[in-house]
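These figures come from a predicted structure and were not determined experimentally. Throughout, protein chains are lettered first and strands after them, A, B, ... in sequence-line order, and every chain is numbered starting at 1.
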Number of protein chains: 2
Amino acid sequence: MTHGPGQTRRTIRMSDVAREAGVSPMSVSNAFKRPEIVQPETRERILTAARRLGYVPNGVAGTLASGRSRMVAALVPSIRNSSFARTVQGLSDQLAEQGYQLLLAVADTAERERQAIESVLGRRPDGIILTGNEHHPDTIRLLRQSGVPLVETWILSGPILDMAVGFDLNEAAQAMGRLLVSRGYRHIGFAGYAPAERSRFLERQRGFQAALREAGLRDDLLFYAEETAGFAGGRLAMAVLRAQEPRLDALFCVTDIFAVGALFECQRQGLVVPRDFAVAGYGDFEIAAEVVPGLTTVRTRGYEIGRAAAHLIVERAEGGIPAPRIDVGFEVIIRGSI
Amino acid sequence: MTHGPGQTRRTIRMSDVAREAGVSPMSVSNAFKRPEIVQPETRERILTAARRLGYVPNGVAGTLASGRSRMVAALVPSIRNSSFARTVQGLSDQLAEQGYQLLLAVADTAERERQAIESVLGRRPDGIILTGNEHHPDTIRLLRQSGVPLVETWILSGPILDMAVGFDLNEAAQAMGRLLVSRGYRHIGFAGYAPAERSRFLERQRGFQAALREAGLRDDLLFYAEETAGFAGGRLAMAVLRAQEPRLDALFCVTDIFAVGALFECQRQGLVVPRDFAVAGYGDFEIAAEVVPGLTTVRTRGYEIGRAAAHLIVERAEGGIPAPRIDVGFEVIIRGSI
DNA sequence: TGTGTCAATTGTAGCGCTACAATTACGCTG
DNA sequence: CAGCGTAATTGTAGCGCTACAATTGACACA
């Protein structure tokens with residue numbers, strides 16, 4: 001305790017800085033948190049002392065005392081998926097700019113989401129960002145009870161717990177469906193993920209089917225790949241759907257990964273895209289612009305979703321009352337694949 | 001404060017649960033943190049009371065009192081890059097399994113890293129995971145002074161601050177260089193990033209050059225792309241290096257993204273791979289197995305790096321003295337592109 | 001019956017900070 | 001020069017939890 005010679009000095013705290021600068025601890029606190037209310041010279045003296053001692057404020061104690069953590073938790077189903085990676089990047093950028101930190105939890109099932117939420121809530125984050133709007137009932141109860149500001153992302157429709165940032169998934173898929181129809185394709189397949197699991201994929205399917213029915217085309221050429229399918233999903237979809245309908249002339253994929261897989265498969269089979277077969281994707285991943293021919297796809301704004309979500313939370317944390325829903329829109333990007 | 005009718009009940013704390021269960025607060029704490037030392041019936045009574053009241057332990061207070069946060073901070077230069085995304089996934093999985101949480105900071109420059117470290121240290125994480133071994137001197141001083149366990153990832157050689165998980169970057173590039181040489185290529189180019197910035201790319205270059213010199217080949221066909229180059233990097237590298245050496249017959253790229261870009265460019269120009277031109281990558285991203293022909297590449301173990309790094313930190317946090325360096329190895333994956 | 005041993009439980013004393021109220025300093029008015 | 005408003009600074013009283021030592025009770029043994 002006494003830091004005599006040879007004694008290892010324990011961690012520097014606010015009162016050490018206060019003594020060093022000849023002020024009260026409160027002034028040190030103010031010098032860091034509300035610099036405008038302390039006299040410039042005093043502030044300078046305090047900051048110098050802090051630097052000299054190598055003082056790092058203990059945010060944990062600060063959080064306990066103030067009830068504000070300047071930390072935002074985000075739950076995403078995956079980080080390898082390019083869309084969510086962009087969202088996390090957006091969150092991270094925006095939060096860093098505003099002096100907040102990101103507590104990240106990756107949870108790919110509702111059950112894991114529940115667990116993650118439970119432990120995250122113990123940290124008293126200033127806000128929580130979720131993906132989608134399908135949550136475990138216990139999750140919802142916990143969140144409601146905690147009163148923490150909430151943003152659900154990648155979704156706009158349906159019941160929202162608090163705030164939401166996303167775009168109209170249904171509309172986006174419908175736009176692509178209409179585009180395919182307008183280009184003259186008549187036997188259009190759909191490659192997605194098992195529908196039970198992910199309503200955000202289901203909405204794409206619905207929008208797509210609506211566009212086909214509108215045009216009087218059959219809307220039952222559906223293929224569902226495994227979670228882990230990757231590029232193979234597109235290949236499999238082509239094989240299965242062409243067996244089901246030999247005249248199949250186009251494929252709409254719920255992710256660009258499937259779509260690129262389908263393009264590669266066309267290449268292997270000697271099908272010329274788009275003359276013999278058309279492929280459309282969803283996501284506008286980096287690769288979409290690079291494959292030959294370029295992939296026609298729906299550009300989503302994952303990065304902006306992240307930024308906007310972070311912004312909503314911070315605004316709320318600082319006492320504002322932001323708009324509860326933000327639509328970041330989408331865009332159909334036309335390249336050579338249809 | 002009095003929670004009479006209509007009064008909004010403030011947050012439940014440990015003493016509320018204690019009163020409800022008829023025990024002391026310490027027993028509640030023990031029931032959660034060291035269940036084996038409390039009588040089974042007592043424990044049951046406490047947990048029931050906690051559930052009934054919807055008690056969520058305040059981890060912030062716990063951290064302040066115990067000095068342990070059960071939180072690990074990770075700094076990565078990017079999250080969109082597939083390699084780091086895998087590492088973050090590995091971290092997240094391993095930490096979740098062990099009941100720890102992940103504080104993520106994305107910092108793409110040494111200066112931002114410094115800022116991030118500074119604010120991260122305020123949270124008193126039980127460990128910090130860094131990427132690479134090039135850090136701002138202030139960062140190093142801060143980290144040293146804090147005494148927090150540290151893991152540097154994606155690197156093994158050179159000065160290590162505390163612990164490290166990675167593989168021999170030089171060796172990996174050299175292996176690929178040798179493979180190209182053994183296949184008979186004689187004018188082999190290199191596509192990388194600006195060398196000043198990233199020593200982890202520089203090591204690849206050195207290993208590659210060593211392999212070429214070993215074989216008596218020229219080792220100065222080097223191209224450096226911008227940070228943001230993406231697939232275009234490969235295209236540019238081909239253009240520039242072929243202008244410099246028309247007999248160029250192979251290209252080694254520091255990332256699969258460049259390599260795939262180069263493959264696409266070959267396709268556009270009608271070059272048959274690998275007959276007319278060979279391409280090798282680095283990373284074994286998902287796409288490497290899917291392009292036609294498949295990309296020969298170095299498979300790195302980003303996911304395992306994340307898991308191992310998390311494991312080291314946790315072991316250390318729980319009082320162990322783990323090995324300071326872990327080599328997760330690499331693998332040369334031979335496909336059709338060379 | 002006294003006493004040592006062990007497991008289970010409990011009080012006490014902070015962890016390092018900030019909200020808030022109280023105090024002091026200081027210039028300005030009448 | 002008293003009286004007052006404003007700005008700067010400071011004390012007090014926790015925030016909710018856990019380390020640690022102290023206490024209690026049950027039981028075995030001499």
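Nucleotide D/dC15 holds its P atom 18 Å from the CG atom of A/N58, rounded to whole Å. At whole-Å resolution of the value, CZ in A/R68 and C1' in C/dT18 are 12 Å apart. The CZ atom of A/R124 sits 11 Å away from the C1' atom of D/dC17 (whole-angstrom rounding). Following rounding to the nearest Å, A/E41 (CD) and D/dA8 (C1') show an atom-to-atom distance of 11 Å. Between the CE atom of B/M26 and the P atom of C/dA7 there is a distance of 17 Å, rounded to whole Å. As a whole-Å value, the separation of A/R43 CZ from D/dA8 P is 10 Å. Rounded to whole Å, the distance from CZ on A/R13 to C1' on C/dC15 is 9 Å. As a whole-Å value, the separation of A/K33 NZ from C/dC20 P is 15 Å.
Of the side-chain N and O atoms in B/S24, none sit less than 4.0 angstrom from OP1 or OP2 of C/dT9. Taking side-chain N and O atoms only, A/T42 has a distance below 4.0 Å to OP1 or OP2 of D/dT9. Between B/S27 and the phosphate of C/dT10, there is a side-chain N or O to OP1/OP2 separation shorter than 4.0 Å. Remark: A/Y55 is in phosphate contact with C/dC17, judged by side-chain N or O atoms under 4.0 Å from OP1 or OP2. Checking the phosphate oxygens (OP1, OP2) of C/dT18, no side-chain nitrogen or oxygen of A/S66 falls inside 4.0 Å.
To the nearest 0.5 Å, atoms OG1 (A/T11) and CG (A/N58) are separated by 7.0 Å. Distance check: B/D108 CG to B/S78 OG gives 8.0 Å after rounding to the nearest 0.5 Å. Within the model, atoms CE of B/M163 and CG of B/L130 stand 10.5 Å from one another, a figure rounded to the nearest 0.5 Å.
Nearest-nucleotide positions on DNA chain C place B/Q39 closer to the 5' end than the other of B/Q39 and A/G59.
In this model, a donor atom of one side chain and an acceptor atom of the other lie less than 3.5 Å apart for B/Q101 and A/R123.
As judged by a 4.0 angstrom heavy-atom cut-off over every strand, A/V38 is placed among residues touching the sugar-phosphate backbone only. Residue A/V23 is classed as a sugar-phosphate contact, given heavy-atom separations below 4.0 Å to backbone atoms only.
With B/D138 as reference, B/R114 is the one residue of B/R114, B/E118, B/Q115 to meet the side chain to side chain contact (heavy atoms under 4.5 Å, CB included) rule.
Considering only the side chain of B/A61, D/dG16 comes nearest among D/dG16, D/dT18, C/dC17.
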